[in-house]
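Below, chain A is the first sequence line, B the second, and so on; all start at residue 1.
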Amino acid sequence: MRWSKLFIPTLREDPADAEVASHRLMVRGGYIRQLGAGIYNYLFLAQRSINKIVAIVRQEMDAIGAQEMLLPALNPAEVWRESGRWDVMGANMFRLKDRWDRELCLGMTHEEVMTSIARGELRSYKQLPQIWYQIQTKFRDEPRPKSGLMRVRQFIMKDSYTFDMDAAGLDAAYDLHYKAYCRIFDRCGLEYAAVEAHSGSMGGSQSHEFMVRSDAGEDFVAVAPKSGYQANLEKAESNPVPPASADPAGDLEPEEFHTPGRKTIAEVAAFTGLPETSQIKSLVMVGAKPVLCLLRGDHQLSETKLAGLLGVNEVRAAHPEEIRDWFAAGAGSLGPVGVKNMRVIADNALRGRINMICGANKDDYHLRNVTPGEDFQAEFHDLRQAASGDTHAETGEPLEVFKAVEIGHIFKLGYKYSESMGLRVLNEDGKEITPIMGSYGIGIERILSVAVELYHDKDGIVLPAAIAPFDVVITPVNNADAAQRDAAAKLHDECLALGLDALLDDRDERPGVKFKDADLIGLPYRITVGKKLVDGKVELVTRRGKTSVDAPVAEAAAMVHRMVRGS
RNA sequence: CGGGGCGUGGCUCAGCCUGGUAGAGCGCCUGGUUCGGGACCAGGAGGCCGGAGGUUCGAAUCCUCUCGCCCCGACCA
């Protein structure tokens with residue numbers, strides 16, 4: 001295609017409201033424009049990239065026998081009420097009413113709709129298993145859209161759903177997806193990790209997230225490379241660093257002491273001269289009922305683990321008035337000793353510790369010499385959020401924690417939707433059974449965004465060839481030179497004939513402008529037609545690394561072709 | 001939902017504190033010269049200063065309200 005005829009609105013300067021690299025560069029490079037908070041126009045270049053990503057996804061999904069459908073984004077409230085998620089989704093769901101005042105929503109995902117199709121049509125075990133998928137726009141009213149296309153309110157998702165007769169069938173479907181996802185992300189040129197994830201409100205058993213390491217991400221991943229351990233931080237299990245100082249020896253009795261104005265762990269540590277690891281952190285959390293959570297002073301509570309333990313979707317911190325009500329003391333002076341009115345759950349890191357410090361449930365007082373299991377009783381569980389510096393639970397290998405972007409997620413759903421929505425089929429014996437389901441998502445724009453995050457330099461984007469909007473740009477240095485112009489046009493035609501997506505920069509611009517723009521939009525290869533043309537040579541520039549080789553005009557197209565196919 | 005910041009030609013921003021006829025650079029249009037890393041000269045177009053109300057002889061500037069956007073946190077299949 002000829003650049004002079006295209007709409008590629010590149011910007012000389014960074015847009016004022018873009019922070020992360022992918023956002024900044026995709027706006028500057030003329031890929032996207034913002035329409036509203038978390039709502040973007042995908043212009044020509046972005047759409048071409050997205051089309052390539054979608055094509056890869058579609059090929060790999062089709063290859064595992066998945067069948068593509070297209071479901072409505074506009075959903076009646078009823079199906080969401082049946083699964084119970086009309087209420088669960090809360091403010092994150094876009095809701096609207098039609099002219100008759102009937103309630104509708106914009107789909108955030110499509111378990112309900114897919115299940116509604118299945119229950120109407122699937123009757124017999126002979127029809128199972130099924131893998132259904134779609135590539136469709138999802139809507140989520142995010143509380144805080146951010147970082148360009150990373151977190152938006154409208155986005156394209158590939159979502160698939162599997163229906164199987166039994167757990168073994170689901171395992172197979174899950175495995176097919178796992179492998180397909182690896183092929184998809186490999187082909188897109190990404191570096192990623194498949195990590196163990198919690199299944200959240202989806203109500204599933206097993207789940208993996210596909211994560212790309214990036215500071216632009218919002219999730220944290222813990223890995224122990226040698227041990228092969230990779231997990232979302234929310235779920236990661238590990239051994240903490242040992243306490244900073246040994247517990248006082250002896251079978252000591254709890255003893256109250258005055259701590260005027262000392263409320264936080266840090267303040268009490270400074271006051272007592274003992275490290276944070278010598279304290280018991282007491283947090284009042286509310287799930288269905290209030291619970292007192294105990295952690296080592298320097299540890300953080302994993303709300304995900306607590307919610308899982310309590311069997312609820314989410315937990316919240318108790319309000320100050322509630323704490324006052326239940327403990328007759330403020331949040332800075334709480335402790336487990338003498339607590340009878342609620343469940344007390346202690347993190348495993350407190351097991352075996354003795355003579356620690358905690359709040360006295362009396363404002364401005366703490367207790368020393370408190371020994372878990374002796375001075376108070378508690379259930380011990382893993383409540384703690386893993387942290388950098390922890391070691392792998394079995395091998396002792398240090399854990400590394402880093403930020404990551406989630407680009408895919410696969411779930412074993414179980415029976416949640418098939419059960420609640422009444423999907424039943426007859427088995428070989430003529431008995432009704434409930435099929436078991438899985439659900440599997442890929443964020444299409446996130447693949448593009450994260451590729452830009454992963455691959456860019458000071459001059460712009462450096463996309464992998466598989467998802468770049470064009471394979472190659474042909475740049476005549478001086479378009480007024482008829483020989484250069486004609487040679488460039490011929491090279492363009494040759495590239496097209498070889499099946500390459502080629503872009504001819506036939507704009508009447510100075511060379512600097514053309515080079516800068518080519519670097520910015522990030523196509524993998526450039527053929528520069530310039531002064532060496534008189535010797536029958538052109539330059540073949542690889543965007544990644546900015547390396548350049550001279551090539552005979554007659555061979556340049558074929559060389560690019562080989563490099564694109566080989567990459 | 002808490003905290004912070006910003007809305008002025010297409011873009012990046014100055015002007016606001018201390019009210020007095022709206023600016024710069026880039027981009028855009030015309031003509032000319034140029035042509036290997038965001039050229040130069042000459043001429044030109046383009047802005048109810050996010051919106052509403054108020055104060056004032058007079059408001060981009062001061063006050064009130066409102067809308068929008070960005071960032072941090074909370075939140076988040």
Side-chain angles (χ1 to χ4, degrees), chain A residues 9-20 23-24 27-28 30 33-40 83 85 88-93 107-112 138 140-148 150-153 155 157 159 161 197-204 207-210 216-219 232 234-235 303-304 307 313-317 406-413 416-417 438-443 446 458-460 475-481 484-485 505 507-520 526 528-533 538-539 541 546 548:
Chain A
T10 57
L11 264 25
R12 279 183 185 235
E13 291 175 277
D14 283 337
D17 53 9
E19 204 83 357
V20 299
H23 186 198
R24 190 167 48 79
V27 172
R28 261 196 76 190
R33 285 294 185 265
Q34 183 170 23
L35 184 60
I39 308 172
Y40 284 85
S83 71
R85 290 208 296 180
V88 171
M89 288 310 187
N92 268 14
M93 185 149 71
M108 310 174 68
T109 172
H110 281 79
E111 281 80 6
E112 282 83 355
K138 304 289 191 239
R140 295 182 188 179
D141 195 358
E142 292 290 345
R144 183 148 110 79
K146 58 182 282 204
S147 307
M150 286 294 185
R151 186 164 209 81
V152 287
R153 298 197 289 174
F155 60 96
M157 181 188 246
D159 48 322
Y161 305 86
H198 76 102
S199 20
S201 64
M202 300 298 300
S207 158
H208 280 88
E209 288 168 333
F210 290 79
E218 304 178 293
D219 286 286
N232 191 306
E234 291 177 323
K235 168 163 177 135
E303 295 193 12
T304 305
N313 274 327
E314 55 183 3
V315 294
R316 63 168 174 88
E406 179 189 351
I407 52 173
H409 202 161
I410 57 179
F411 276 98
K412 290 185 180 173
L413 283 179
K416 175 169 170 156
Y417 298 92
S439 111
Y440 319 83
I442 289 179
R446 277 193 179 176
K458 64 173 173 48
D459 295 316
T475 308
V477 170
N478 185 351
N479 217 39
D481 180 323
Q484 288 185 20
R485 190 176 60 231
D505 194 351
R507 293 177 299 167
D508 187 18
E509 289 285 354
R510 293 173 60 84
V513 172
K514 291 188 275 197
F515 293 151
K516 290 286 185 193
D517 272 345
D519 287 349
L520 180 60
R526 183 178 86 209
T528 306
V529 183
K531 57 196 173 200
K532 293 171 190 162
L533 186 64
V538 293
E539 276 166 47
V541 183
K546 290 272 189 70
S548 163

Using the C1' atom as the point on both nucleotides, what is the distance between B:C26 and B:G9, in whole Å?
12 Å
Are A:Asp14 and A:Arg24 close enough for a salt bridge, meaning some N to O gap below 4.0 Å?
yes
Taking the P atom of each, how far is B:G44 from B:G23, in whole Å?
15 Å
Report yes or no: do A:Glu209 and A:Ser207 form a side-chain donor-acceptor pair below 3.5 Å?
no
Separation of the C1' atoms in B:C35 and B:A24, to the nearest angstrom:
28 Å
Over all strands shown, is A:Gly36 touching base, sugar-phosphate only, or nothing at heavy-atom distances under 4.0 angstrom?
sugar-phosphate
Partner nucleotide, any strand, of B:C17 [Watson-Crick/G-U, under 3.5 Å]:
none
According to a strict under-4.0 Å criterion, is A:Arg144 in side-chain N/O contact with OP1 or OP2 of B:C75?
no
When you measure from the side chain of A:Gln34, which nucleotide among B:C71, B:C69, B:A77 comes out closest?
B:C69
So which nucleotide from B:G38, B:A77, B:C75 ends up closest to the side chain of A:Pro143?
B:C75
Enumerate all atom pairs, one protein N or O and one N or O from nucleotides 4-12 of chain B, separated by less than 3.5 Å.
from, atom 1, to, atom 2, distance (Å)
B:U12, OP1, A:Ala16, N, 2.9
B:U12, O4', A:Glu13, OE1, 3.4
B:U12, O2', A:Glu13, OE2, 3.4

Ring centres under 6.0 angstrom apart (A:Tyr417, A:His110)
no
Taking atom P in both B:G50 and B:C13, compute the distance separating them and give it to the nearest angstrom.
15 Å
Between A:Phe210 and A:His208, ring centroids under 6.0 Å
no
Paired to B:C65 by Watson-Crick or G-U wobble criteria (both distances under 3.5 Å) is B:G51
Does any N or O in the side chain of A:Arg28 come within less than 3.5 Å of the main-chain N or O of A:Leu11, such that one atom is a donor and the other an acceptor?
yes
Identify all pairs in which a protein N or O lies below 3.5 Å from an N or O of nucleotides 28-33 of chain B, and state each distance.
none

Interatomic distance at P, B:G68 relative to B:A52, whole Å:
16 Å
